[in-house]
Number of protein chains: 2
Amino acid sequence: MSKGAAETMQRGIETTLLSAIVEGRLHPGSRLSENQLAEAFEVSRTLVREALARLEARHIISVRPRRGWFVNRPSPEEAAAVFAARRAVEYGFFKTAAPFNDDQIARLKAHIAEERAAIEQGDKAQLTFLMGDFHTRIIALSGNEPLEEVMRNLTARTILISLRYQSSAGALASHRDHCDIADAISRGDMDAAAELSLSHLEDVESGLLMQEPADPLVDLRNTLRLDPVQDGRAT
Amino acid sequence: MSKGAAETMQRGIETTLLSAIVEGRLHPGSRLSENQLAEAFEVSRTLVREALARLEARHIISVRPRRGWFVNRPSPEEAAAVFAARRAVEYGFFKTAAPFNDDQIARLKAHIAEERAAIEQGDKAQLTFLMGDFHTRIIALSGNEPLEEVMRNLTARTILISLRYQSSAGALASHRDHCDIADAISRGDMDAAAELSLSHLEDVESGLLMQEPADPLVDLRNTLRLDPVQDGRAT
DNA sequence: CGTACCAATCTTGTATGCAAGGCTTGCGTG
DNA sequence: CACGCAAGCCTTGCATACAAGATTGGTACG
C-alpha cells in the first residue's frame, strides 16, 4: 500500500475502466480519450496508453488508428461466439470440477444474497456487475486463477453485449437461474449445475434483441454522456 | 500490408515474441530487455513496452519493477491450474460443439500430416509449436474466435510449463493421442473426442517432472544464452 | 442552393530525455 | 579470510515534445 502508489496507478487505470464497463457506466461504443483520461487520473498519456493496450489485449476495448479508443461494440456474430465460448467454458468447468465444500458453498450463498439485496435496493450498477460476476466467482471459488481470468474477460464482453442488445429485462429470471445453479452446487450435483448453466446461457442469449440497433442514435447518446468517464472527479 | 507498416510493427513485436516462445526458442525465465528489443526491432522503447504490456495481460510474461521483463516461469501450482483450465475448456468445447464438416475434417488431417512431417524431419521448433497448436487449431476450425484466443493463451502457457518440467519426451505419444482425437472428430463422435482430450491432457500432465528444478542452474543457463532474443539480426 | 476543396484543430503514434531504484563489484575493515 | 559497505552502472518508470493523419467547419465556386 505504501510503496505501490506508482505501480498501482497503472493497473488502477485498467481496473477503474473495467469496473466502469462491467457496472454499465461505460457503454459499448463510448470513446476513451487519452487526454481526458490522463487529466482525470493526473498522469501522462503514456500510462493511459499502456492501460488501454492491456484492455485491448483482453478484447474489452479497441483502437482505430488515428481515430481513437472505443469500448467494444460486439457485432451479433461476435456476441454469438462469446456466448458459445461461455457455454463451453462453464459446462466444461462444472463437468471437470470437484464438488464444493461447505466454505465454498457458504461464499456462494453470500453472493446470492448480494444479488437479492441489489435487486431489492434497485442498485442497477451493482446488479449489472453482480449478475455477471456470479459466474466468475464460482470459478474463483474453485481456486483456478487462469480459468477465472478467462471467465472474467468473457463476462465483461457479455455485459457489453447485454448493454447493446438487452432491454434491461430478465434480471429477475437470471437471478432465479443463479439460485437454481447454486442449489445444484450445494447438493454436490455438478452435472446438474452444468446443464442448468447451459440452459441459463441459452435463455439469456435468446432473450437478446439481436437486430442491429440504429447506430447513429446509439452514437449520439454516447456522445452526449461522455461524462461518466470522469465520474465526479472533474476539475 | 501497404499502409500498416507502423501499426503492424507494434503487433509484430508481440507476435514475434510469442512465436519465439511457442516454438521453444525463448525459455521460461528468459529476460527480455527493453533496450535490446528496441535495438533488434529498430524502434523506440515505447513500442516495445506496449507490446510487452500486451503480453503481460495475456500472462505470457511479467515485469518485476525496476528489475526487468521475464518470460513466465510457471510454478507447479500454476501449471496444475493451467492444465485444469485446459481440460475444462477442451472438454466443454467438444461437448457443446457441432460435428465437423468435410472441409473442417480435411484441414484437421492436414495438421496431423504437418505434425508427422515435423517428427520425421526432426524439426524441434516446428514440432513444439504444432503440438500445442493442434488444440488451438481445432477450435479455430470451429470458427469461435473468442474461444480460440482463450485456447491460444492457455497453450502458450502450457508450452512454458513443458519447457520447464518436461524432458522433451512424449512427443510421439502426444502425436498418437492427437491422431486418436482427430479420428473421433472425423467420425463425428464429439463425445469420444471430449473424453480422449481429457485423458490426453491428464497423460501429458502426469508425464511432467513436477519437482521444482534447481533454480540457480536454470537461471545460469538462461543467462549464458541470452542470444536467441536477437536471433541473427544482431548489429 | 449544392458541392468541392482547403485549412484549422484535435486525435493518436512515436521518439527522446530525465528520474529513480536495484544489482554488481570492488574496496576497506574487523 | 569473511563480512559489510559504498560507488557506479544498468535497468525500468514516466513525462514531455514532436510528427502525422483524420475530422470538421468554413468558404468559394459552379
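All chains are named by letter (A, B, ...) in the order of the sequence lines, taking the proteins before the strands, and each is independently numbered beginning at 1.
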Distance in angstrom units between Arg64(A) CZ and dG21(D) C1', rounded: 14 Å

Can you say whether the rings of His178(A) and His200(A) are parallel (under 30°), tilted (30 to 60°) or perpendicular (over 60°)? perpendicular

Do Glu56(A) and Ser62(A) have side-chain atoms, one donor and one acceptor, less than 3.5 Å apart? no

Please tell me if Arg49(A) has a side-chain N or O lying less than 4.0 Å from either OP1 or OP2 of dA15(C). no

Within this structure, what is the CD1-to-P distance between Ile13(A) and dG13(D), rounded to whole angstrom? 14 Å

Under 3.5 Å: donor-acceptor pair, side chain of Thr158(B), backbone of Leu154(B): yes

Taking CD from Glu50(A) and C1' from dA15(C), how many angstroms apart are they, rounded to a whole number? 15 Å

Does Gln104(A) CD have over 12 foreign heavy atoms under 6.0 Å away? yes

Grab the CD-C1' distance between Glu39(B) and dT12(D) for me, whole Å please. 17 Å

Under 4.0 Å from OP1 or OP2 of dT11(D): is there any side-chain N or O of Gln36(B) that close? no

Aromatic contact, His111(B) with His135(B) (centres under 6.0 Å): no

Rounded to whole angstrom units, what separation is found between the CD atom of Glu34(B) and the C1' atom of dG17(C)? 15 Å

Does Asn144(A) reach the main-chain N or O of Ala81(B) with its side chain, forming a donor-acceptor pair under 3.5 Å? yes

Can you tabulate the close N/O pairs, meaning under 3.5 Å, that link protein atoms to atoms of nucleotides 15-17 of chain D?
| residue | atom | partner | partner atom | Å |
| --- | --- | --- | --- | --- |
| dA15(D) | OP2 | Ser44(A) | N | 3.0 |
| dA15(D) | OP2 | Ser44(A) | OG | 2.7 |
| dA15(D) | N7 | Thr46(A) | OG1 | 2.9 |
| dT16(D) | O4 | Thr46(A) | OG1 | 3.4 |

To the nearest Å, how far apart are Arg66(A) CZ and dT11(C) P? 14 Å

Rounded to the nearest angstrom, tell me the gap between atom CG in Asn35(A) and atom P in dC10(C). 10 Å

In whole angstroms, how far is the C1' atom of dG21(D) from the CZ atom of Arg67(A)? 11 Å

